[in-house]
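Because the structure is a prediction, the values reported are computed rather than measured. FYI, side chains are in, hydrogens and waters are out, and symmetry mates aren't considered; it's all heavy atoms of this structure.
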Amino acid sequence: MVDSLLLGVEGIRKTILHGGTGEIPKFITGSKVTFHFRTMLCNDDRTVLDDSKKVGVPMEVVIGNMFKLDVWENLLKSMRTGEVAEFWCDIIHTGMYPMVAKSLRRIAEGKDPVDWHIHTCGMANMFAFHTLGYDDLDELQKEPQPLIFVLELLKVQQPSEYHRESWAMNDEERLKVVPVLHGQGNKLFKQGRFEEATNKYKEAILCIKNIQSKEKAWEVPWLKLEKMANTLTLNYCQCLLRMQEYYEIIEHTSDIINQHPGVMKAYYLRGKANVEVWNEAEARADFQRVLDLDPGMKKSVKKELSILNMRMEEKREEERQKYKGMFTATATEQEATAQETFKQVALEQAPTEQETTLQKTPEKDNSEKEIFKQETQEISEPNNPEEKTLEQETLEQETLEQENVKQEIIDEQNPEAKNAERKILQQETLEEETLEEETPETNNPDEKMLEQINLVQETIQREITENSTPVLLTPEQETPEKEILKKS
C-alpha cells in the first residue's frame, strides 16, 4: 500500500492499493473510461453501499459528458490502467452520490434510471426527490457525510476507438442523433425487422428523456420534447403490435392518454390491442373516442369493429365447445363417481357369510315361516282331498285297514253288536245324507272320519254293555288288537 497522496484538490485523499501499468492515459473529451467501484461509509465498519463487482457489470463514464458525480472524473484522471486506489472524499464532493447511486441501481435491475418523473407534473417531481426508493440512500441524502471510493481502472478508449451510444453523448449530440435514430427505426419497420426497429425507437426515446429531465416540466421546451417522445413511443407500439406484445401496448398508450387525452393515435393503437385480447367493451370505447377526435377515421374504425365482432364470435364459439366438453367430462366423472360410491356402499352394507347364517333378514325369516306354515297345513289339515300327497294316502289306507281288522274281531266276538252297529251305521248314513242336503260339506274329512269312528266305538260299547256280558279275549285274540292299537 502506498502512502496517501494529495491530488491538489481540496477534500480528497488518495491511497494506492495496487499499482497500475504504463503511463497515465490521455483523458480527453469523449474518452470512455471503464472501471469497477466500491462505495463505503466512513464508519468503523466501513459499511458498503454499492459494489459493481457484486453486480457483475463495470461502470462506464465518458469524459466531458457532464456526469452528475464529476468528482469521479478527477479521481480517474490520476490513475493508470490496472491500478486500484482508495479515495476519501469530503461532503462537498459526495452530495450528489445518492441520486447517482439510485440510477446505477435501477440500471443494474434492468429499469429505466429516469422513469420516476415520466408523465408527472412539476409538483409530483418535487415530491419524488424526497424518497429514492432505497432506505440507505434516503438516509444519506438527509444527512450527507464523507464517503470512501475504491476504484479499479480497467481501460480507457478514445472517441474514435468505440461506437458512441446515446448515453455517452452530451445534450447537443443527443438532439442531433434523435432524428437519425427515428429514420433508422422507420426503415427497419418497413423491412419487417420489428425488433431492431424497437431498439432504435427506444434509444431515441432515452435520448429525449435524458434531455427532458433537465427541463422544467410542462414548460415549452419540456412540452416539445414530450411531443417528440410520444411520437417515438407510438411508433414503438406499432412494432409491438406486429410482435403481438398487446399488454405492453395497452400500458404505454394508457400512459400517453392519461397525460395527453387528445392523442387520437394512442386510442387507435390501444383499441387494436384490446381487440386482440378480447377486451370488447374497452375496444369499442377506444374506437368511439377515435371517431370523436377524427371523423375521417370512420372507414378504418368500421374495419376494426368488424374484426372485433369476428374475434368475439370465435371466442364465444370456443368457449361453447370448451364448456360442452367440460360438462360432458364432468357428467362422465360424476357417473363414474356415483357407480364407485354405490359399490363401496354395497360392500359396506353387505353382511358376511357368518352374519348371513346368524342374522337372517326379516324378509327371509318371514318367507321361511310362511313356507313352514304351508308345509304344516299341507300335512295336518289339507284343504283339498284331491291334492293329498302319497304319504297321506298311505297313512289313511293303513288306518282304514286297522279299523277293518278291529271291526272283524269285534264282529266275531259279538254278532249282536255287529247287527246293532249295522243299524247305527245305516241310521248315521241316512242322517249324513240328510245333513249333506241341509249343510255344506265339512272342509276337513279327517275330522269327519274321526267323529264317525268315535261314534261307532261308543255305540258298540253301549250295545255290549246292555245286551251281553263282557267277553274275555284269549291271548291269541288280544294280541292282534294290541298290535293294531300300537300301529294306530
Can you see which heavy atom on Thr29 is nearest to which on Gly64, and at what distance? CG2-CA, 4.3 Å
Derivation of the side-chain hydrogen bond (donor to acceptor under 3.5 Å, both in side chains) call for Asp292 and Gln288: CA-CA 6 Å; Asp292 294 340; Gln288 182 59 47; 3.3 Å; yes
Please, which pairs that meet ring-ring contact (aromatic ring centres under 6.0 Å, His included) have at least one residue in residues 137-160, sequence neighbours excluded? Trp72-Phe149, Tyr97-Phe149
Are Arg80 and Thr21 side-chain neighbours, meaning at least one heavy-atom pair lies under 4.5 Å? no
Mind checking the OG1-CD spacing from Thr81 to Glu23? Nearest 0.5 Å is all I need. 10.5 Å
Gln158 (side chain) donor-acceptor with Lys26 (main chain) under 3.5 angstrom: yes
Note, Ile28 side chain near Pro159 side chain (heavy atom, < 4.5 Å): yes
Return yes if some donor-acceptor pair links the side-chain N/O of Arg311 with the main-chain N/O of Glu276 below 3.5 Å, else return no. yes
Side chain to side chain contact (heavy atoms under 4.5 Å, CB included) between Thr233 and Asp255, intermediate numbers included: CA-CA 10 Å; Thr233 302; Asp255 287 341; over 6 Å; no
Can a donor-acceptor pair be found, under 3.5 Å and without considering hydrogens, that links the side chain of Asn258 to the backbone of Ser254? yes
Taking C-beta and beyond as the side chain, do Gln145 and Glu143 meet within less than 4.5 Å on heavy atoms? no
Test log, rule salt bridge (charged side-chain N to carboxylate O under 4.0 Å, His left out), inputs Glu313 and Arg320: CA-CA 10 Å; Glu313 182 60 30; Arg320 281 195 294 266; 3.5 Å; yes
Before giving the answer on side chain to side chain contact (heavy atoms under 4.5 Å, CB included), spell out for Cys89 and Leu147 the whole-Å C-alpha distance, their side-chain angles and the decisive distance to 0.1 Å. CA-CA 6 Å; Cys89 298; Leu147 296 175; 5.6 Å; no
Given 3.5 Å as the limit, does a donor-acceptor pair link the side chain of His93 with the main chain of Glu10, or not? yes
Dump the intermediate steps for side chain to side chain contact (heavy atoms under 4.5 Å, CB included) on Thr231 and His182, then the final yes or no. CA-CA 10 Å; Thr231 301; His182 192 171; 4.1 Å; yes
Return the CG to CD1 distance between Leu181 and Ile208, rounded to the nearest 0.5 Å. 9.5 Å
Looking only at non-hydrogen atoms, find the nearest pair between Leu293 and Pro261 and report the distance. CD1-O, 4.3 Å
Asp50 and Leu104, any side-chain heavy atoms less than 4.5 Å apart: no
Quick check for you: to the nearest 0.5 Å, what is the distance between Leu153 atom CG and Lys77 atom NZ? 13.5 Å
Are more than 12 heavy atoms, taken from residues, nucleotides or ligands other than Glu317, located less than 6.0 Å from that residue's CD atom? yes
Any idea how His260 and Trp218 line up, ring-wise: parallel (<30°), tilted (30 to 60°), or perpendicular (>60°)? tilted
Could you check whether any side-chain heavy atom of Pro146 comes within less than 4.5 Å of a side-chain heavy atom of Thr94, counting everything from C-beta outward? no
Residue pair Gly19 / Ile16: nearest heavy atoms and the distance that separates them: N-CG2, 4.1 Å
Working note: Arg105 + Leu137, criterion side chain to side chain contact (heavy atoms under 4.5 Å, CB included); need CA distance, chi angles, decisive distance, verdict. CA-CA 11 Å; Arg105 292 181 184 183; Leu137 297 181; 3.6 Å; yes
Can you find a pair of side-chain heavy atoms, one from Leu225 and one from Leu175, that are under 4.5 Å apart? yes
What do the steps show when you test Arg289 against Asp286 for salt bridge (charged side-chain N to carboxylate O under 4.0 Å, His left out), and what is the final call? CA-CA 5 Å; Arg289 184 60 177 158; Asp286 286 337; over 6 Å; no
Output yes when a side-chain donor or acceptor of Ser31 lies under 3.5 Å from a complementary backbone atom of Phe27, and no otherwise. no
Is a side-chain donor or acceptor of Tyr246 paired with a backbone partner of Lys272 at a separation under 3.5 angstrom? no
Could you walk me through whether Glu86 and Arg46 pass the salt bridge (charged side-chain N to carboxylate O under 4.0 Å, His left out) test, one step at a time? CA-CA 13 Å; Glu86 179 180 295; Arg46 295 169 66 91; 2.8 Å; yes
Min side-chain heavy-atom separation Asn235-Lys265 under 4.5 Å: yes
List the atom of Met79, the atom of Glu83, and the distance in Å for their closest heavy-atom pair. CE-O, 3.3 Å
Can you tell me how far CG of Leu234 sits from CD1 of Ile256, rounded to the nearest 0.5 angstrom? 4.0 Å
Test item: Lys14 side-chain N/O and Ser78 main-chain N/O as donor-acceptor pair under 3.5 Å: yes
To the nearest 0.5 Å, what is the distance between CG on Asp70 and CG on Leu75? 10.0 Å
Verify the neighbour count for atom CG of Asn43: are there more than 12 heavy atoms of other residues, nucleotides or ligands below 6.0 Å? yes
Taking atom CD of Glu318 as the centre, does the number of heavy atoms from other residues, nucleotides or ligands within less than 6.0 Å exceed 12? no
Here the pair of heavy atoms bringing Ala197 nearest to Gly185 is CB-O, 3.4 Å
Name all residues meeting the side chain to side chain contact (heavy atoms under 4.5 Å, CB included) criterion together with Lys53; count only those two or more places apart in sequence or in a different chain, and write none if there are none. His36, Asp51, Glu152
Determine whether a donor-acceptor pair (N or O, by modelled atom type, separation under 3.5 Å) exists between the side chain of Thr198 and the backbone of Leu240. no
Enter the distance from Glu139:CD to Leu132:CG here, rounded to the nearest 0.5 Å. 11.5 Å
Is there a donor-acceptor pair under 3.5 Å between the side chain of Ser52 and the backbone N or O of Phe37? yes
If every non-hydrogen atom of Val178 is compared with every non-hydrogen atom of Cys207, which pair is closest and at what distance? CG2-CB, 3.7 Å
With no hydrogens and no angle check, is any side-chain donor or acceptor of Tyr267 less than 3.5 Å from a backbone partner on Gly262? no
Among residues two or more places apart or on two chains, list those pairs meeting salt bridge (charged side-chain N to carboxylate O under 4.0 Å, His left out) that have a residue in residues 178-199. Arg193-Glu196
Note, Lys202 side chain near Tyr236 side chain (heavy atom, < 4.5 Å): yes
